[in-house]
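Reminder, nothing fancy here: chain letters follow the sequence lines and each chain counts from 1.
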There are 2 protein chains.
Amino acid sequence: MSLASIGVAMAQKPNSQVLDQTISIDRASYEPAYAQLAGILRQSMATGILRPGNQLPSEAQLCERYDVSPMTVRRAINLLVDQGFVVAEQGRGTFVKPVAMGAATFQLRDLQTLFNDSEHTTVHVLEARIVDADERVARKLEISSGERTIYIRRLLRTDGLPVLYHREYLIYDPLRPIVEAELEVTALQRLFNGTGETILKHGDINLEATILTDEEAKILQAPQPMAAFCFEHLFYDFDDKPISWGWFIGRADCLKFSTQVGLLMDRKERS
Amino acid sequence: MSLASIGVAMAQKPNSQVLDQTISIDRASYEPAYAQLAGILRQSMATGILRPGNQLPSEAQLCERYDVSPMTVRRAINLLVDQGFVVAEQGRGTFVKPVAMGAATFQLRDLQTLFNDSEHTTVHVLEARIVDADERVARKLEISSGERTIYIRRLLRTDGLPVLYHREYLIYDPLRPIVEAELEVTALQRLFNGTGETILKHGDINLEATILTDEEAKILQAPQPMAAFCFEHLFYDFDDKPISWGWFIGRADCLKFSTQVGLLMDRKERS
DNA sequence: CTTGAGAACTTCCCTATATAAGTGTATAAT
DNA sequence: ATTATACACTTATATAGGGAAGTTCTCAAG
């Protein structure tokens with residue numbers, strides 16, 4: 001404990017090595033100055049010149065060293081703060097964050113590629129009919145038990161192989177008759193990448209791990225027993241009324257989520 | 001198609017309702033002007049005054065309406081861009097993004113709470129010994145087959161109930177003898193929330209769904225068959241050499257990941 | 001009537017500078 | 001010895017203005 005704190009105290013002193021580097025800002029480059037500076041600082045962290053717990057050179061020091069205005073330094077540091085690499089404390093300094101496994105985030109975007117290349121992906125509607133809501137569905141969609149809902153079952157295939165099984169209950173709206181075309185690819189595509197007109201305001205999504213039921217295994221052509229990912233989703237419109245509740249189910253051996261923590265050097269600059 | 005594009009075209013005209021509101025920036029407030037402005041714009045989106053596809057008022061308009069400088073408006077909009085609510089296109093305008101399910105991110109942070117309240121959480125080391133690396137381990141840790149590694153098996157309990165089973169292979173470093181205390185709670189705590197001194201630079205994490213093996217089910221006191229989440233992790237030091245490879249396995253009925261897409265009104269302002 | 005080039009305009013983007021506010025330390029008074 | 005104060009140093013916020021990129025309109029040539 002005491003040893004560790006001494007180590008940190010030593011490391012907290014501003015490291016001037018970053019300033020002694022010969023590289024500087026290329027004013028002719030298309031890459032803005034603040035982005036270049038952020039890159040230099042990230043490079044310093046990646047190479048170990050700046051380590052977790054270390055204090056970055058002060059804004060004034062960076063201004064003088066790289067001959068840019070304080071506002072430019074400010075943006076560069078804000079960028080790193082937003083990206084979660086450093087923390088800035090007013091009156092104290094800016095420090096490099098340690099990597100934490102808890103900071104890992106898994107993006108559903110990985111699945112999105114599946115929907116986008118319509119070359120290999122096809123959507124087949126297995127079933128689409130109007131059903132009366134049972135108590136479970138009614139509670140989720142905040143309607144009365146027995147009211148009409150649209151029940152849809154879809155199967156997504158890539159190169160003919162089934163990958164995702166989708167079941168969904170939709171609010172039945174007499175003013176908005178179901179267009180047959182809506183049931184095909186487009187609806188799911190729009191749901192995922194948000195293209196086109198949308199009436200969704202927000203949604204809740206749960207990720208669970210399950211074992212395929214007999215029906216699911218049969219539809220997904222999977223041997224049993226087979227582990228699976230299940231994405232439960234509940235979407236709301238602009239009046240905060242639920243309009244859709246359903247699940248995506250996919251075989252675990254076809255789906256995998258990867259992520260990285262710490263420093264990625266090919267980060268897109270934006271702020 | 002043509003109908004939809006007409007609808008979008010109409011909606012794309014700058015919506016002046018945002019400007020006609022009576023509310024304005026409170027200069028006496030502790031909340032900075034840019035954050036207030038960002039809040040006002042988000043509120044407009046949440047209430048439906050600004051809808052997906054709509055164009056925000058131009059920066060100049062916002063300047064005049066709320067009597068702030070261009071740079072302040074700039075920061076507010078940058079904030080919304082970073083948070084993924086709007087997209088800015090140079091020369092065209094800034095537009096409200098539609099909600100996309102693909103934008104959903106699941107945070108491992110939810111697990112972190114488990115490690116933090118040491119009141120109810122205990123870590124028990126089931127096994128810790130030095131083993132020779134087999135080919136699979138050697139390839140992952142980028143060492144020669146047969147080299148020494150530290151193999152650790154841990155069990156995490158909350159309120160006495162087993163929730164996570166952890167297996168890990170560590171590079172054996174003669175210079176860094178294994179302290180018994182390191183094997184207990186602290187090591188995992190630091191791994192997750194990044195407190196204290198760390199030698200980790202970055203790591204890759206995979207999330208998979210599996211079915212518990214006999215051994216795992218027995219240790220986690222789970223009935224069979226039981227679905228489970230599996231987090232495979234591979235960590236690197238500052239020389240980009242692997243130092244640790246392992247898995248966390250947890251019962252699916254004890255773990256669930258939730259997230260939201262679209263507008264959350266209690267967002268922390270920062271930039 | 002159609003088409004293409006160019007100017008004018010609107011839009012977001014970037015930098016420079018000044019001022020405020022918080023933190024820690026050294027110093028002086030009690 | 002303890003407390004209060006002044007100062008140096010940090011990040012945070014705001015203002016002003018110039019520049020770059022895209023869109024739209026105009027107008028002349030084919």
Side-chain angles (χ1 to χ4, degrees), chain A residues 9 12-16 19 24-39 41 54-82 85-97 268-271, chain B residues 9 12-16 19 24-39 41 54-82 85-97 268-271:
Chain A
Q12 272 186 349
K13 282 176 195 156
N15 192 327
S16 58
L19 302 172
S24 65
I25 308 286
D26 177 15
R27 308 312 287 255
S29 168
Y30 283 111
E31 193 180 11
Y34 77 93
Q36 288 185 49
L37 180 52
L41 291 173
N54 287 28
Q55 181 175 12
L56 268 65
S58 77
E59 299 189 353
Q61 282 176 303
L62 290 172
C63 285
E64 193 177 354
R65 166 63 183 84
Y66 293 103
D67 195 32
V68 288
S69 77
M71 192 65 199
T72 305
V73 172
R74 200 91 261 294
R75 283 197 74 177
I77 290 179
N78 273 334
L79 201 61
L80 297 174
V81 171
D82 287 343
F85 294 131
V86 301
V87 282
E89 294 179 40
Q90 185 168 355
R92 277 177 40 79
T94 308
F95 305 89
V96 181
K97 249 202 226 177
K268 196 177 169 191
E269 308 282 5
R270 191 74 185 76
S271 188
Chain B
Q12 273 186 351
K13 283 176 193 152
N15 192 329
S16 58
L19 301 172
S24 67
I25 308 286
D26 176 15
R27 309 312 290 254
S29 168
Y30 284 112
E31 193 180 10
Y34 75 93
Q36 288 184 51
L37 180 52
L41 291 172
N54 288 27
Q55 182 176 11
L56 267 64
S58 76
E59 296 188 353
Q61 283 176 301
L62 290 172
C63 285
E64 194 177 352
R65 165 62 183 85
Y66 293 104
D67 195 33
V68 289
S69 75
M71 194 60 201
T72 305
V73 172
R74 196 92 262 295
R75 280 192 75 177
I77 291 178
N78 273 333
L79 202 61
L80 297 175
V81 170
D82 288 342
F85 294 129
V86 301
V87 282
E89 293 179 40
Q90 189 167 351
R92 279 178 37 80
T94 308
F95 304 90
V96 180
K97 250 202 224 174
K268 196 178 167 189
E269 309 282 3
R270 189 76 185 72
S271 187

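Taking 4.0 angstrom as the limit, B:Y34 places none of its side-chain polar atoms (N or O) nearer than this to OP1 or OP2 of D:dA14. Taking only side-chain nitrogens and oxygens, B:R92 never comes nearer than 4.0 Å to OP1 or OP2 of C:dC12. At the phosphate of C:dT15, neither OP1 nor OP2 sits under 4.0 Å from any side-chain N or O atom of A:S69.
Take the nearest nucleotide of DNA chain C for A:D67 and for B:Y30: the residue whose nucleotide is more 5' is A:D67. Place A:G93 and B:R27 on DNA chain D by their nearest nucleotides, and A:G93 ends up nearer the 5' end.
Set against D:dA14, C:dC13, D:dA21, the side chain of B:R74 has C:dC13 as its closest nucleotide. Closest to the A:T72 side chain, of the nucleotides C:dT15, D:dT23, D:dT13, is C:dT15. Candidate nucleotides D:dT11, D:dA14, C:dT17 were compared by shortest atom distance to the side chain of A:T94, and D:dT11 ranks first. Listed nucleotides: D:dT10, D:dA14, C:dC13. Nearest to the side chain of B:E59: C:dC13. Of the candidates D:dT10, D:dT13, C:dA16, D:dT10 carries the atom nearest the A:Q61 side chain, counting heavy atoms from C-beta on.
One can place CD of B:E31 at 14 Å from C1' of D:dA12, the figure rounded to the nearest angstrom. Protein atom CE of B:M71 is 12 Å distant from nucleotide atom C1' of C:dT17, rounded to whole Å. In this structure, the CD atom of A:E64 is 15 Å from the P atom of C:dA16, given to the nearest Å. When the P atom of D:dT11 is taken as reference, atom CG of A:L41 falls 12 Å away, rounded to whole Å. The separation between A:L79 atom CG and D:dA12 atom C1' is 17 Å, rounded to whole Å. For the pair A:Q55 CD and D:dT11 C1', the interatomic distance rounds to 11 Å; values are reported in whole Å. Look at CG on A:L80: it is 12 Å from P on D:dA12, rounded to the nearest Å. Going from atom CZ of A:F95 over to atom C1' of C:dT23 covers 11 Å, rounded to whole Å.
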Stepwise side chain to side chain contact (heavy atoms under 4.5 Å, CB included) check, A:R27 with A:V68
CA-CA 10 Å; A:R27 308 312 287 255; A:V68 288; 3.7 Å; yes

Run B:R75 and A:N78 through side chain to side chain contact (heavy atoms under 4.5 Å, CB included) and show every step you take.
CA-CA 11 Å; B:R75 280 192 75 177; A:N78 273 334; 4.1 Å; yes

Step-by-step side chain to side chain contact (heavy atoms under 4.5 Å, CB included) determination, B:I25 to B:E31:
CA-CA 10 Å; B:I25 308 286; B:E31 193 180 10; over 6 Å; no

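The line from CD of A:Q36 to OG of A:S24 is 8.5 Å long, rounded to the nearest 0.5 Å. In this structure, A:L62 CG and A:T72 OG1 are separated by 11.5 Å, a value rounded to the nearest 0.5 Å. Rounding to the nearest 0.5 Å places CG of B:D67 at 9.5 Å from CD of B:E64.
Under the side-chain contact (heavy atoms from CB on, under 4.5 Å) criterion, B:E89 pairs with B:R92, B:F95, sequence neighbours left out.
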With 3.5 Å as the limit, what N/O pairs link the protein to nucleotides 3-9 of chain D?
none

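Note on A:A60: nothing from the nucleic acid sits closer than 4.0 angstrom, heavy atoms only.
A donor-acceptor contact under 3.5 angstrom links the side-chain atoms of A:Q90 to the base of C:dA21.
Residue A:T94 forms a side chain to side chain contact (heavy atoms under 4.5 Å, CB included) with just one option from A:L56, A:N54, A:L80, and that option is A:L56.
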